[in-house]
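Contents: one structure, followed by commentary.
All chains are named by letter (A, B, ...) in the order of the sequence lines, taking the proteins before the strands, and each is independently numbered beginning at 1. Heavy atoms only: backbone and side chains are in, while hydrogens, waters and symmetry mates are out. Model, not experiment: these values are computed from the prediction.
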Amino acid sequence: MDPDAGGSTAAPSTSTATPGTGPGAETKEGVGKKVMVILVGPPGSGKSTFAEAVLNAAAATGRPWARVCQDTIGKGKAGTKILCLKAAADALKEGKSVFIDRCNLEREQRADFVKLGSTVQADVHAVFLDLPAKVCISRSVSRTGHEGNLQGGMAAMVVNRMLKKKEVPLLTEGFSRIMFCKDDDDIKKAVDTYGALGPSDSLASGVFGEKSKVPVQAGIMRFLKKADTSSAQKSSGTMLTSSERNPGQQNTLPKQENPEAIGTCSIEVEKKSNNMKKNEEQSKQSVSSVINSHTLAFPSISTADFQFDLERASDIIVDTAAEFVQKHDNGRLVLVDLSQKSRILSLVKDKASKKSIDSSRFFTFVGDITQLKSKGGLQCNVIANAANWRLKAGGGGVNAAIFNAAGEALQRATKECADTLRPGSSVSVPLPSTSPLHQKEGVTHVIHVLGPNMNPMRPDCLKNDYTKGCKILHDAYNSLFENFASIVQNHTVKQNVETSSKKSASGVISPNDSKMKRADSHDSERAKKYKLLPPILPSRQNHEHKGSNTQNHHDNSMGSSDAPNQAREEDGKKNSAVTSKTWGSWAQALYEVAMHPEKYKNSDSILETSDEVVVLKDLYPKAKKHVLVISRTDGLDSLADVKKEHLPLLRSMHSVGLKWAQKFLEEDASLTFRLGYHSVPSMRQLHLHVISQDFNSPSLKNKKHWNSFTSAFFLDSVDVMEEVEQQGSATISPDEKILGMELRCHRCRSAHPNIPKLKSHIAACKSSFPSHLLKKDKLLSASTPHMDCT
DNA sequence: GTTCTAGAAC
DNA sequence: GTTCTAGAAC
């Protein structure tokens with residue numbers, strides 16, 4: 001109970017420890033009293049023991065604690081980080097303080113938890129169990145029955161590897177307090193500190209348990225090590241080999257580890273900020289280095305005329321820029337604004353430095369985006385334009401300025417690339433060398449971007465819907481940065497091709513030249529990548545899509561003599577007029593069977609054929625019994641095509657499905673069946689799934705498989721028939737995100753970290769099915785009286 | 001080292 | 001839809 005029990009290294013601040021104001025009631029409501037302690041340490045460092053010891057000790061304090069342990073979060077077994085995050089969020093919401101019991105050795109591993117802590121206004125602490133590697137290894141080697149099979153000789157190697165990647169927790173990551181525990185004494189102090197923390201106490205901020213003298217040396221050691229990595233690598237080469245050969249004896253490791261392990265926050269922070277300043281200065285001063293690298297200058301999208309909230313916009317800019325920097329090795333991003341006082345610039349600058357983004361790759365610049373080289377001394381080969389949806393020159397702001405500066409050449413070049421632009425997308429336009437912007441400023445590409453609009457006076461106003469708005473703005477920046485990355489990549493390859501061709505005797509690249517092929521393959525890669533970006537509306541790309549689809553039909557002729565390609569092609573056209581979906585070559589199998597079942601007569605997969613339907617055993621059944629009732633109506637590819645006129649067909653399909661379910665139930669009375677459609681099927685040709693609810697099949701392999709049969713993505717046949725009858729069509733939730741959702745048991749709805757764990761659960765789960773399935777005969781079992789559907 | 005997932009390619 | 005594979009996690 002005594003908050004001072006932690007000893008001198010961890011004296012809780014007394015400022016908020018004011019007892020006598022009803023501590024019991026305060027626990028849940030007191031803001032800022034919750035603590036999230038992120039444990040940091042390799043396997044064998046004693047994280048779980050630590051957390052349990054605190055939980056035991058804290059029982060007397062009245063502060064509720066929860067321990068979120070990744071090793072046991074999946075129903076007693078190992079789970080995922082996502083599960084941990086969810087559990088932590090739930091516990092914090094309930095007013096509990098939390099221990100995050102997972103390795104958390106890398107900054108990235110910790111970041112999401114830190115973020116969670118700050119969103120629920122909890123104090124975020126780190127306790128770094130920084131014991132000698134030897135100790136952790138020997139503990140993890142000797143333990144038995146550890147989840148995740150991390151024990152024995154293997155553990156040594158894993159711990160060894162993890163320690164190589166470890167990153168010392170820093171205050172700049174968002175921790176308000178960090179405790180270093182280098183031995184059992186330190187650990188005991190930390191246990192006492194947290195174990196004694198009353199509901200209304202809080203601990204002082206700062207770094208504790210760090211020896212002040214050693215770190216300086218460590219910092220120097222680290223610096224020296226970095227300065228001469230090559231020689232260090234050479235000298236340690238033999239040592240590494242010996243340790244690999246004999247992982248049990250890690251005598252080289254503690255030595256190697258010492259300089260990495262220590263390093264005070266203050267030194268780290270100073271080093272970081274010095275680096276940042278240095279980088280910033282470099283990027284401003286040395287123009288020559290800028291010329292040599294690809295640089296994208298971009299205005300803040302949507303925050304001027306489109307009135308998008310600056311706070312949110314700055315978050316998105318920093319996030320997407322950080323992603324870009326992490327993902328791509330080349331290319332720099334510069335956010336440009338005209339005014340020195342620009343609020344968006346200062347917001348972004350602050351957030352970027354907090355996020356420790358490499359400031360030589362992403363920085364802000366004050367200047368006119370059309371005169372960056374001539375007036376600002378900053379050469380940017382690519383600039384982004386905050387365009388309008390028509391990609392027209394007029395208007396005001398950046399759009400007008402860029403079109404004016406680039407002249408007619410940009411308008412012509414833009415027209416060649418696209419007619420219109422959708423919010424959240426971008427289009428990259430090569431700027432002809434005749435353009436003054438190209439000549440004066442060295443701009444080779446303009447990327448037009450359209451962001452979300454919050455201005456009621458402008459088209460497509462989102463009326464303050466920031467959920468949509470943020471997503472669109474995020475997409476817009478992603479699209480912009482990916483287009484830029486393609487330019488960088490393409491340019492690099494072209495340069496390589498050019499230099500190598502110059503070296504060759506002729507200097508001319510013939511079509512047969514292998515170097516040319518390399519360039520081609522890259523171009524096609526680029527084209528593919530481009531397609532993945534949010535599509536631009538213009539017909540150009542739609543044609544491309546349809547073209548490739550037609551190609552697929554050709555490819556899929558499979559030499560069948562009595563099915564002329566021409567007819568197939570017409571089918572494709574007819575259907576693409578009904579549904580907008582395009583079908584890959586692999587998605588045609590059911591169509592083939594439905595149109596020509598006689599060809600597959602000898603296959604034992606076909607159970608029944610009539611004028612209306614074909615019944616087929618699913619080639620990759622997702623349960624003990626899984627058959628498809630395929631409609632034979634040409635042109636009816638999915639539920640989206642179904643109209644009232646198809647109601648008799650739906651009823652026939654249902655009836656045939658029921659018949660087969662009955663038949664299977666006679667063979668095995670333990671089964672339960674469900675009949676339904678996938679909202680968005682992967683295979684062309686309307687088909688009804690008849691599937692037993694055991695889901696016991698090796699072909700059920702992933703999240704998508706599971707969720708497609710157990711979430712709202714699976715539409716019960718009875719509901720579909722009812723909706724089509726009443727509304728003339730079935731309600732299809734277009735959200736395919738549902739397929740990526742967490743894995744939940746279809747009976748008891750419990751969550752599971754992965755497919756194997758889920759499968760072992762469902763094999764044993766005896767809970768009754770959710771109530772919505774018990775209505776309207778959605779489930780068929782031996783005990784259910786079967787209803788005919790006529 | 002193994003287990004598992006997610007994304008790309010077909 | 002499946003298969004293959006890189007990489008995340010321990």
Test ring-ring contact (aromatic ring centres under 6.0 Å, His included) applied to A/His705 - qualifying residues, sequence neighbours left out: none
Residues A/Lys625 and A/Asp694 bridged, charged N to O under 4.0 Å: no
Salt bridge (charged side-chain N to carboxylate O under 4.0 Å, His left out) partners for A/Asp716, two or more places apart: A/Arg674
Under the salt bridge (charged side-chain N to carboxylate O under 4.0 Å, His left out) test, residues paired with A/Glu612 that sit two or more places apart: none
Interatomic distance where CG belongs to A/Leu700 and P belongs to C/dG1 [whole Å]: 11 Å
For A/Glu106, all residues meeting salt bridge (charged side-chain N to carboxylate O under 4.0 Å, His left out), sequence neighbours excluded: none
Touch class at under 4.0 angstrom, heavy-atom based, for A/Leu619 against every strand present: nothing
N/O-N/O pairs, protein side and nucleotides 2-8 of chain C side, under 3.5 Å:
unit_1: C/dT2; atom_1: OP1; unit_2: A/Lys622; atom_2: NZ; d: 3.1
unit_1: C/dT2; atom_1: OP2; unit_2: A/His705; atom_2: NE2; d: 2.6
unit_1: C/dT3; atom_1: OP2; unit_2: A/Lys701; atom_2: NZ; d: 3.1

Contact under 4.0 Å: A/Gln70 side-chain N or O vs C/dC10 OP1/OP2: yes
Below 4.0 Å: OP1/OP2 of C/dC10 and any side-chain N or O of A/Arg102: yes
Sugar-phosphate, base or nothing in reach of A/Pro681, heavy atoms under 4.0 Å: nothing
With A/Phe484 via ring-ring contact (aromatic ring centres under 6.0 Å, His included) - residues at least two apart: A/Phe324
